[in-house]
Amino acid sequence: MNNQTSQQPVLCIDLKKNRIRVHKVTLHMLGDPDFIQLLVNPSSGLLAIKGTIPEDHLGLKVHKELLTDGNCYEIHSKELMKTLQKVRSDWQNNHSYRIYGKCNEKSGIALFAMKDIVQMEDALAHD
């Protein structure tokens, strides 16, 4: 991964395993929150991640001791993947995609445009 992309929040969408991987750098840019909220705006094609509080019923606990390989937090949801594929019908089953986003550290939110996906095989060739 080059220096420019290492300074951007990163998400991986894995349709084969029905998961979203939130990279550790993304969590760090958000202030290493204990809970996060994943937001999807289908009409604008945006995904967002923000830190939240334990009382937020939509919040997901970030078990830092369980971060896969120490690099990412995984969210598994078949229904979420189906919803995302309705928004982006060009996303193919059994493929993985990477999205580089932008972080507004002041507001504690990372934004990802679903139109800016890179298929993982292509992303690996460029990193």
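In this chain, residues are counted from 1 in sequence order. Values reported hereafter were calculated over all heavy atoms of this structure, with side chains retained and with hydrogens, waters and symmetry mates removed.
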Residue pair Phe35 / Asp56, side-chain heavy-atom distance below 4.5 Å
no

Is the closest basic N to carboxylate O distance between Asp90 and Arg88 below 4.0 Å?
yes

Testing the basics here: between Leu30 and Ala110, what is the closest heavy-atom pair and its distance to 0.1 Å?
CD2-N, 3.7 Å

Which value, rounded to the nearest 0.5 Å, describes the distance between Glu74 atom CD and Asn18 atom CG?
12.0 Å

How far does OG1 of Thr26 sit from NZ of Lys24, to the nearest 0.5 angstrom?
12.0 Å

Asp116 side, atom CG; Leu111 side, atom CG - distance, nearest 0.5 Å:
11.5 Å

Is there a side-chain contact between Ile117 and Ile13, using heavy atoms and a 4.5 Å cut-off?
no

Applying side-chain contact (heavy atoms from CB on, under 4.5 Å), name anything that partners His28, two or more places apart in sequence or on another chain.
Asp32

Nearest non-hydrogen partners of Cys12 and Arg98, listed with the distance:
SG-NE, 3.9 Å

Once rounded to the nearest 0.5 Å, what's the spacing between atom NZ of Lys50 and atom CG of Asn104?
12.5 Å

Can you confirm whether Lys16 sits close enough to Asn94 that some side-chain heavy atom of one is under 4.5 Å from a side-chain heavy atom of the other?
yes

Can you tell me if Tyr97 uses its side chain to pair, donor with acceptor, with the backbone of Gln92 under 3.5 Å?
yes

Can you name the closest pair of heavy atoms from Val87 and Pro42 and give their distance?
CG2-CB, 3.6 Å

Separation between CD1 of Ile20 and CG of Leu60, rounded to the nearest 0.5 Å:
10.0 Å

First locate atom NE2 of His76, then atom CZ of Arg21, and finally report the distance between them rounded to the nearest 0.5 Å.
8.5 Å

Shared ILVMFWY cluster between Leu38 and Leu84, side chains joined below 4.5 angstrom?
yes

So, for Gln37 and Thr52, which heavy atoms are closest and what is the spacing to 0.1 Å?
N-CG2, 4.1 Å

Hey, any chance Ile109 and Leu46 share a hydrophobic cluster, counting ILVMFWY side chains that come within less than 4.5 Å of each other, even indirectly?
no

Between Gln7 and Met29 the two heavy atoms that sit nearest each other are O-CE, 3.0 Å

How about Met120 and Asp14: do any of their side-chain heavy atoms sit closer than 4.5 Å?
no

Return the set of residues passing side-chain contact (heavy atoms from CB on, under 4.5 Å) with Ser89 (not counting sequence neighbours), or none when no residue passes.
none

For Lys102, look at atom NZ and say whether over 12 heavy atoms of other residues, nucleotides or ligands are found less than 6.0 Å away.
no

Of all the heavy-atom pairs spanning Tyr73 and Val62, show the shortest one and how long it is.
CE1-CA, 3.9 Å

